[in-house]
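Report on one structure; see the data block that follows.
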Amino acid sequence: MQFKVQPVAAYIASGAIVTVATGLQVATPGWVKKSFGTACERGVGAVALRCVEALHATKTTNPLGLTLGHGVVTKACADLLAQAIPQSAGVAWIDPLRMFRSTMASVLSTTLTYYYWTRFMARKIPVAPSWITGLLGQGFGTAAFKTAVTQIIYRPINVALFLGLQSIFRGDTARQLKTFFDKRLKSSIIGGMKFGSFANLVTFMVPVPFLHPIIGAVFGLFFNVWLAVVSYSK
């Protein structure tokens with residue numbers, strides 16, 4: 001059931017798909033009208049405008065569904081890249097069943113959890129403690145504080161859940177799961193700490209909470225590629 005692709009084609013397609021999916025998330029009807037003018041009145045332009053209007057309305061009516069949809073796209077691309085990169089010397093053979101398993105593991109462990117985590121952080125920590133904002137300023141200080149809390153509490157759970165779901169979805173036994181954790185968990189959490197320190201800082205610097213899981217998903221594309229490679233490495 002595997003299919004073959006040229007690695008370069010996989011890289012280009014993944015980049016284009018993630019770019020379009022993310023652009024649709026952040027675009028507004030006003031921006032589209034201003035950018036494309038009368039082209040929005042008919043044909044492809046009108047279809048694009050209606051699509052952006054529908055997605056913009058969904059940000060209010062169903063933000064979780066919109067975030068999950070974006071997560072499915074980015075996480076599927078992440079596993080496509082994770083399968084293609086180790087075979088970059090020639091034709092890459094892609095296992096669609098693995099892609100499905102990895103996408104589901106990523107969406108459940110990262111997209112869904114990060115959505116609720118960023119909402120929790122926005123509600124509970126709108127501003128960092130005064131001693132931090134006094135030293136670093138309100139914007140950077142709050143982002144740095146949220147990043148530290150995220151890395152200490154959320155990141156280990158996120159990585160462990162991702163690796164655990166990958167193992168379970170592969171059909172590993174309890175003994176295999178324990179062995180897998182013994183070999184991969186510590187190094188994966190350390191990798192998550194290193195990568196997430198920068199990614200979360202940039203994410204929390206953005207003043208719009210709705211965009212936090214979207215930005216996190218874009219950064220997570222790179223981290224999940226690495227984590228998927230780790231998860232399936234011998």
Side-chain angles (χ1 to χ4, degrees), residues 9-82 96 99-124 126 139 143 146 150 154 158 162 165 196 199-225 227-228:
Y11 306 154
I12 295 173
S14 296
I17 291 169
V18 172
T19 299
V20 171
T22 304
L24 289 174
Q25 294 275 343
V26 301
T28 64
W31 178 84
V32 173
K33 292 177 182 177
K34 182 178 179 180
S35 300
F36 298 98
T38 57
C40 296
E41 298 175 1
R42 58 188 178 277
V44 176
V47 173
L49 177 60
R50 286 196 295 271
C51 179
V52 170
E53 287 174 339
L55 289 173
H56 190 66
T58 306
K59 294 176 185 178
T60 302
T61 59
N62 188 15
L64 175 58
L66 198 60
T67 300
L68 289 175
H70 183 264
V72 168
V73 171
T74 55
K75 305 313 181 189
C77 288
D79 192 72
L80 174 63
L81 293 173
M99 185 183 296
F100 174 77
R101 293 196 307 260
S102 187
T103 299
M104 291 301 100
S106 298
V107 168
L108 292 174
S109 66
T110 303
T111 305
L112 184 62
T113 60
Y114 197 63
Y115 172 84
Y116 284 111
W117 176 258
T118 53
R119 288 172 68 91
F120 170 80
M121 294 293 283
R123 185 172 62 254
K124 295 298 183 181
K146 288 183 176 182
T150 298
Y154 171 80
N158 161 233
F162 175 85
L165 288 174
N200 288 135
L201 184 61
V202 174
T203 298
F204 288 125
M205 284 292 291
V206 176
V208 183
F210 168 78
L211 294 177
H212 291 172
I214 305 301
I215 298 171
V218 175
F219 277 116
L221 172 69
F222 301 98
F223 179 60
N224 279 99
V225 169
L227 206 54

Could you tell me how the ring of F204 sits relative to the ring of H212: parallel (under 30°), tilted (30 to 60°) or perpendicular (over 60°)?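 Ring orientation, 0 to 90° scale: perpendicular.
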
Using the ring of each side chain (for Trp, its six-membered ring), is Y114 parallel, tilted or perpendicular to Y154, with breaks at 30° and 60°?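 The rings of Y114 and Y154 sit tilted, inter-plane angle from 30° to 60°.
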
Is there a side-chain contact (heavy atoms from CB on, under 4.5 Å) between I214 and T67? Walk through the geometry before answering. CA-CA 7 Å; I214 305 301; T67 300; 4.2 Å; yes

Which value, rounded to the nearest 0.5 Å, describes the distance between [X] atom [atom1] and [Y] atom [atom2]?
X    : Y    : atom1 : atom2 : value
L112 : S106 : CG    : OG    : 12.5 Å
T203 : M121 : OG1   : CE    : 11.5 Å
Y11  : L80  : OH    : CG    : 9.5 Å
C77  : N224 : SG    : CG    : 11.5 Å
T22  : I17  : OG1   : CD1   : 11.5 Å
E53  : T28  : CD    : OG1   : 10.5 Å

With side-chain contact (heavy atoms from CB on, under 4.5 Å) as the criterion, how do Y116 and L64 come out once you've worked through the C-alpha distance, each side chain's angles and the decisive distance to 0.1 Å? CA-CA 9 Å; Y116 284 111; L64 175 58; 3.4 Å; yes

Is a side-chain donor or acceptor of T118 paired with a backbone partner of Y115 at a separation under 3.5 angstrom?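 Yes; at least one donor-acceptor contact below 3.5 Å.
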
Any donor-acceptor pair under 3.5 Å from T110 side chain to V107 backbone: no

Minimum heavy-atom separation for [X] and [Y], please, with both atom names.
X    : Y    : value
T61  : P63  : C-CD, 3.8 Å
A105 : S109 : O-OG, 2.6 Å
P126 : R123 : CD-O, 3.7 Å
A27  : H56  : O-ND1, 4.3 Å
M205 : A143 : SD-CB, 3.5 Å

Are any non-hydrogen side-chain atoms of K75 and D79 less than 4.5 angstrom apart? no

Are K33 and L49 packed together at the side-chain level, in the sense that at least one heavy-atom pair is separated by less than 4.5 angstrom?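 Yes. Closest side-chain heavy atoms under 4.5 Å.
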
Under the criterion side-chain contact (heavy atoms from CB on, under 4.5 Å), I'd like the reasoning laid out for L211 against K59: C-alpha separation, chi angles, the key distance, then a yes or no. CA-CA 10 Å; L211 294 177; K59 294 176 185 178; 5.9 Å; no

Centres of the F120 and W117 rings: under 6.0 Å? yes

Atom CZ of R101 with >12 non-hydrogen neighbours under 6.0 angstrom: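 More than 12 heavy atoms, drawn from other residues, nucleotides or ligands, come within 6.0 Å of this atom.
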
L24: which of T19, V52, L66, V73 passes side-chain contact (heavy atoms from CB on, under 4.5 Å):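 Testing L24 for a side-chain contact (heavy atoms from CB on, under 4.5 Å) against T19, V52, L66, V73 leaves exactly one candidate, V52.
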
